[in-house]
Amino acid sequence: MTFIPLLITSLVLTTISHYQSLPIIFILVNFSVLAWFFFTRVNLNHIQLKPEFGHPALKHLFTVSFLVILISYYGFHFTQDIATTLLTSMLCLKLLEINNKNAHRHITMIIYLQFFSLIVSFLNSQEFLLVIYNFIVLLFLLFLLLHYQIEFRGNCHDSNNQTLSYGSTKRHTWFTEAHYLKKIIVITIPITIFLFLFFPRIPGPLWTLPSLSQQSVTGLSDSMYPGSVNELSQSEELVFTVKFEDKIPSSDQLYWRGPVLTKTDGFLWEQIKKRTHSRPLNKASKVDYFSEPISYEINLQPQQQKWLFTLDMPYSLSSPMIKNPFLSDNMQFLVRYNIRQLVQYSALSYRDYYLKSIKQDIQEALIYPHPSNPETYALGQELAKNNSPKQIIQLGLDYYLEKEFFYTLKPNIMTENPSDQFLFQYRRGFCEHFASSFVLLMRAANIPARVVTGYQGMSYNKVGDYYRVTQSNAHAWAEVWLEESGWTRIDPTAVIPQQRIENDIFERQQDNLAFYNLNYSDVSQLQKKFKVSEFRRAYLNMQQSLHYLNYRWNQWVISYDTKKQNSLLNWLNLKNLTQILWIAISVFSLFIVFFMWSVNRKQKKTNDPLLKLYQQLITKLKKHGFDYPGNQPPQLTKQQSLLFFPENSKELEDIFNLFIKLRYTNSNTEAEKKSFKKLVNRLKILNN
């Protein structure tokens, strides 16, 4: 293996570290450039670079083609995703500029920019496995840098414009470079850990980044259309983990409240924007709470959105990582910035509550989007005849039960009057079809209603004893206004009998079946029906173990904030920053003293007789006024000594030439070593 293939390998590894944010088309572009360079420029037989292949303008064609693809894919809006793509691809394209005249400059730039590229990958994810992978790539890059600096730096400049050699020399081996790398790791890791633990934590992000492009945003949005929640149900991407302090709520209470959608044209459902950010956190007068509170702690993954998920109905939320959270009028917790890093917060919720309303809320929740879905409107008008609101709601739920509706992940496409198509034609759908059609039905019957989106249920991780909520838990349900009970949650999907819940739902929800509010009458019987193979069981156990590792990584490292740092300082009985600084200075000083002592001790204890003789020679020269700076090549020392002692020039030249031969070549004999010793001992300085 030679240096240029190693450099190409490092670029492949660095590109892979961006797999979560880099579109597949640009990964293919990068790998294509690397493959083209390898097969057209690298000559492994002669361990050298071939001359540039094709016309010099070819590299400009590559660059222009890449920019065209970039603009076609992203447009002209500069975002974090575009910057990441640009960085990784330009690193690969930089290879095309390497030639025999400027190789050193370009190779050095490529290696150093890869370190920066690894840091950039953490802007999209800080998962434990990515950290381990990036650490391995970091070690590889450090080894590559050492390998280049030691072996090849002197060979990169060729005044005759000959082919660039990148082969290894005999003076250094990869074992030597690995030894240097071990030293770097031993020195830097303790310093890194110390700085991580004691350097003052800064709440919130260090800087504000441009908004991410839509391609990178997954999860719930502030709008819903038929099929939107179903798309999320196909994903096992983690949304948040939760740990309960006391009793775990039953499945019919596991509704994690998200955006509330009131405005609709019969197809698209949206939030009403004008009052989204109006209620401060300390104003909870809109809700009357009953029963005992539910206390829990959430680790929320970065969702690039402004909302925080809590159990329905939220009461309070606290976190040192979140600045000024507040409640919307629809009782959804929000922050004023997109969440781009993992956040941890504690919350309280109540199972029994009375959610009040104002006149404008009720009026907006009564608007029916005429002329869309006329059959739904007619059915709602019919249900409203001579019936109370509670009776209308029950009749609406009975309609789904009696007309044999099916709950499935594979519904028909419904784009024209989707509520009518769902209620009267297909009768097969997912939660958004049930919730949106039920809300329109209630509005047609003159009952205020709206759609609530969020997550329902969770899955248990027995390895770590905590719960996970993923995108597959995405759900939509309805809220109706009743004078005696306020805004009341109604989930039409919960009334669908087990025999009409299709197997595709069960197969995707096996892990959280016990916590999912579907009408499963006998969970154990269903689990026997779909037996899990031993291979599948082993895979699930391994998956849960990996999830637990990531959970602990988030708990101990990612969410290490000011509060946890203060707890550590209190435990160590350190009260202020001055004490920490003095400890840091003391530890660092001791480290420097120990390092210098070990180096000096190693130099003094050398057993190499050749080096001892050379040191004896230098000492003899210094006694006669020679200024030896130390740690410089013997060739340079020879030149300086010849100028300083012209009368001994012949003897000194013979001595230094023999030392260089003995020290840096393998062609030496015992007779030459004895001759060197005699020359050093017989040397008499003639001038002072």
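Because only heavy atoms are used, hydrogens play no part in the values below, and waters and symmetry mates are left out as well, while side chains stay in.
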| request: Classify the ring geometry between F26 and Y73 as parallel (under 30°), tilted (30 to 60°) or perpendicular (over 60°). | output: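 Answer is perpendicular, since the angle exceeds 60°.
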
| Using the ring of each side chain (for Trp, its six-membered ring), is F115 parallel, tilted or perpendicular to Y112, with breaks at 30° and 60°? |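 Aromatic pair F115/Y112 classed tilted.
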
May I ask you to decide if [Y]'s main-chain N or O and [X]'s side chain share a donor-acceptor pair within less than 3.5 Å?
X: N461; Y: Q544; result: yes
X: Q114; Y: L11; result: yes
X: N550; Y: F128; result: yes
X: T453; Y: P259; result: yes
X: Y345; Y: P320; result: no
X: S125; Y: F122; result: no
X: D222; Y: Q271; result: no
X: D465; Y: K462; result: no

| field | Side-chain donor-acceptor pair present, E432, Y225, cut-off under 3.5 Å | value | no

How long is the straight-line distance from [atom2] of [Y] back to [atom1] of [X], given to the nearest 0.5 Å?
X: F66; Y: S89; atom1: CZ; atom2: OG; result: 3.5 Å
X: M458; Y: T241; atom1: CE; atom2: OG1; result: 12.0 Å
X: I322; Y: I339; atom1: CD1; atom2: CD1; result: 6.0 Å
X: S121; Y: F116; atom1: OG; atom2: CZ; result: 10.5 Å
X: N338; Y: Q305; atom1: CG; atom2: CD; result: 6.5 Å

| field | Evaluation steps, ring pair (Phe, Tyr, Trp, His ring centres under 6.0 Å), between F333 and F309 | value | CA-CA 7 Å; F333 271 108; F309 294 99; over 10 Å; no

| query | Counting only heavy atoms not in I413, do more than 12 fall under 6.0 Å of its CD1? | reply | no

| Minimum heavy-atom distance between T408 and K410, given as atom pair plus value |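 Closest approach of T408 to K410, heavy atoms only: OG1-N, 3.0 Å.
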
| Which atom pair, heavy atoms only, marks the closest approach of F140 to L6? | CE2-O, 3.6 Å

Would a line drawn from the ring center of [X] to the ring center of [Y] be shorter than 6.0 Å?
X: H547; Y: Y551; answer: no
X: Y466; Y: Y460; answer: no
X: Y296; Y: W256; answer: yes

| request: Determine whether Y455 and Q471 make a side-chain contact, defined as any pair of heavy atoms from C-beta on separated by less than 4.5 Å. | output: yes

| request: Not counting sequence neighbours, which residues clear side chain to side chain donor-acceptor pair (under 3.5 Å) with S117? List them please. | output: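 For S117 the side chain to side chain donor-acceptor pair (under 3.5 Å) partners, ignoring immediate neighbours, are H18.
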
